Amino acid sequence: MDFALSPEQQDLIALARDFARKEIAPEVAAYDREERFPIEIIRKAAGLGLMGGVVPTEYGGAGLDHKTYALVVEEVSRVCHIVGVAMTLASGLVGNSVFAFGTEEQKRRYLAPLARGEAFGAAGVTEARSGTDVSDMDTVCRKDGSDYVLTGAKMWISFLDVAEWFLTFAHLGVDERTGRKRICAFVVDRDLPGVSVHPLQNKFGFRPLKTGELVLEDVRVPADALVGEEGRGFAVAMNAVENGRLGVATRAVGLAQASVDAAVEYSKDRVVFQQPIARFQMVQKMLADAIVGTEAARLLVLRLADLKDRGERARSYASMAKMYASDVAMQAAIAAFQIHGAYGVSDEYPVGRYLRDAKVFQIVEGNNELHRALIAEGSTGIR
Ligand SMILES: Cc1cc2nc3c(=O)[nH]c(=O)nc-3n(C[C@H](O)[C@H](O)[C@H](O)COP(=O)(O)OP(=O)(O)OC[C@H]3O[C@@H](n4cnc5c(N)ncnc54)[C@H](O)[C@@H]3O)c2cc1C
């Protein structure tokens with residue numbers, strides 16, 4: 001694997017770093033506290049071309065390779081991974097599903113504005129009952145002429161306040177031959193009759209995102225809202241998991257690095273027993289473990305990105321990167337919080353936010369227990 005970065009890659013990463021420090025850092029604590037999505041910051045990021053990720057330029061994207069994309073998202077996530085998640089929408093599940101399975105018209109209408117950062121889409125996958133077992137969804141669709149009518153509800157859906165459309169899934173009943181639900185993927189416009197959203201308030205973490213319930217009450221969509229083939233919607237969701245997990249993993253590395261940065265700075269400044277606490281060996285152990293963990297997680301992310309750039313299958317590496325990076329983010333956040341002592345509890349310092357968000361990273365995009373199982377199954381072949 002080649003770790004050398006070209007001058008163009010270095011310039012883009014420096015641009016992202018500079019943007020994050022100047023535009024995001026002064027605002028992030030306030031919008032996290034107020035549970036406010038920083039739309040004005042996203043617009044500025046779009047103006048710099050930071051939203052287009054790996055989407056080809058012909059569809060409004062930046063046409064980046066996966067390695068550059070990951071490093072750019074990490075730089076921004078080091079200051080705020082919520083801006084980071086907005087940057088991954090076009091390249092992850094939402095945009096990549098339309099890119100890989102959508103018609104030309106769907107790519108122009110939905111993907112291109114998303115990649116340019118002009119409009120938002122969201123992923124409506126999870127349901128209240130079935131949770132991680134996505135294919136066991138209850139949301140149904142029926143055919144009426146050439147239209148489909150969707151009925152059901154999705155839970156824990158993000159971007160409810162700004163999404164103009166949802167990539168979502170419903171089933172046409174159970175296939176008698178396979179015993180599996182015949183899942184269909186759709187793009188559903190937010191303003192259609194029967195679509196309503198119900199955001200949760202005062203979330204533990206990821207607070208600037210409006211996350212909650214997406215209700216579909218007899219929502220009628222035309223046949224051209226179908227993404228991919230009828231009954232093959234699960235393949236649409238699964239196709240994008242590697243890109244989705246790359247995005248989550250690189251944001252988690254950014255968060256882990258933020259914890260390391262905060263812990264290092266504080267341990268140099270804080271003096272007790274007439275010495276900086278950085279001199280205590282047990283503090284050094286916390287720092288060293290967080291630093292090494294973060295670097296190792298970054299290398300796993302780059303390995304995943306490199307496989308994607310070579311066009312190779314990377315399902316197991318996607319699980320490894322997502323699981324390890326989010327576990328490291330948690331470990332680094334705990335260390336940073338401990339090193340801040342009582343001051344970690346105050347919202348004068350960001351480490352409380354890091355800790356809350358790191359916990360959520362271990363749950364989203366497949367909980368880490370699921371990823372451990374997938375990694376082991378990938379090696380043993382035993383399910
Ligand atoms: C802030 C936030 C934002 C989100 N945004 C979105 C979004 O935009 N779109 C969307 O569709 N979803 C979203 N989600 C949903 C998220 O992806 C799900 O929460 C996640 O997939 C887990 O589902 P669940 O919470 O129902 O957990 P459950 O499936 O009920 O699992 C509970 C626990 O059981 C264990 N477990 C479950 N399955 C296994 C297994 N196979 N092996 C071992 N242990 C297992 C794990 O410990 C797991 O944590 C979001 C969630 C949060 C918290």
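For reference, positions follow the sequence shown, starting with 1. Order of listing sets the numbers, starting from 1, for every ligand and every atom in it. Quick caveat, the model's predicted, so the values are computed rather than measured.
Between N367 and Q362, the side chains place no donor N or O within less than 3.5 Å of an acceptor N or O (distance only, hydrogens not considered). The closest side-chain donor-acceptor pair between S196 and E217, if any, does not fall under 3.5 angstrom. Side chains of D189 and Y110: a donor-acceptor N/O pair is present below 3.5 angstrom, by distance only. Remark: the T250 side chain and the E74 side chain contain no N/O donor-acceptor pair separated by less than 3.5 Å. In summary, the side chains of T151 and D218 do present a donor paired with an acceptor at a separation below 3.5 Å, with no hydrogens or angles considered. Looking only at atom types and distance, the side chain of Q257 has a donor-acceptor partner in the side chain of R298 under 3.5 Å away.
Contact atoms of ligand 1 toward E365: 17 (O) (distance under 4.0 Å to a heavy atom of the residue). Listed by atom number, the atoms of ligand 1 under 4.0 Å from I157 heavy atoms are 7 (C), 8 (O), 9 (N), 10 (C), 11 (O). Applying the 4.0 Å criterion to heavy atoms of A123 picks out, from ligand 1, the atoms 7 (C), 8 (O), 9 (N), 10 (C), 11 (O).
We find the CG-CD1 distance between N368 and I363 to be 9.0 Å, quoted to the nearest 0.5 Å.
Taking only nitrogen or oxygen atoms, main chain and side chain alike, S158 reaches within less than 3.5 Å of ligand 1. Residue I363 has no nitrogen or oxygen atom sitting less than 3.5 Å from a nitrogen or oxygen atom of ligand 1, judged on distance alone.
There is no protein heavy atom less than 4.0 angstrom from atom 34 (O) of ligand 1. Distance check on atom 30 (O) of ligand 1: every protein heavy atom falls at or beyond the 4.0 Å cut-off. The nearest protein heavy atom to atom 22 (C) of ligand 1 is closer than 4.0 Å.
The proximity of T211 to ligand 1, defined as any non-hydrogen pair under 4.0 Å, is limited to the side chain. At a 4.0 Å heavy-atom cut-off, ligand 1 touches T132 through backbone and side chain alike. Contact annotation: for A373 versus ligand 1, there are no heavy atoms closer than 4.0 Å.
Looking only at protein heavy atoms, the nearest one to atom 26 (O) of ligand 1 is G131 CA, 3.1 Å. For atom 41 (N) of ligand 1, the closest non-hydrogen atom on the protein side is L370 CD1, 3.5 Å. Among all non-hydrogen protein atoms, the one lying nearest atom 13 (C) of ligand 1 is W156 O, 2.7 Å. Protein heavy atom at the shortest distance from atom 51 (C) of ligand 1 is V364 CG1, 3.6 Å. Here the heavy atom of the protein found nearest to atom 16 (C) of ligand 1 is T126 OG1, 3.9 Å. Closest to atom 47 (O) of ligand 1, if we only count protein heavy atoms, is E369 OE1, 2.9 Å.
Annotation: cation-pi pair K107/F99 present, NZ/CZ under 6.0 Å from the ring centroid and within 45° of its normal. Figure legend: cation-pi geometry between R36 and Y31 absent, as NZ or CZ is not positioned both under 6.0 Å from the six-membered ring centre and within 45° of its axis.
Salt-bridge annotation for E377 and R383: present, with a side-chain N of the basic residue lying under 4.0 Å from a carboxylate O of the acidic one.
At a threshold of 4.5 Å between side-chain heavy atoms, the hydrophobic network of Ile, Leu, Val, Met, Phe, Trp and Tyr places M320 and L299 in one connected group.
Summarising the contacts of atom 48 (C) of ligand 1 with N367, L167, L209, the nearest heavy atom is found in N367.
Within a 6.0 Å radius of NZ in K143, more than 12 heavy atoms belonging to other residues, nucleotides or ligands are found.
Not a single heavy atom of R372 lies less than 4.0 angstrom from ligand 1.
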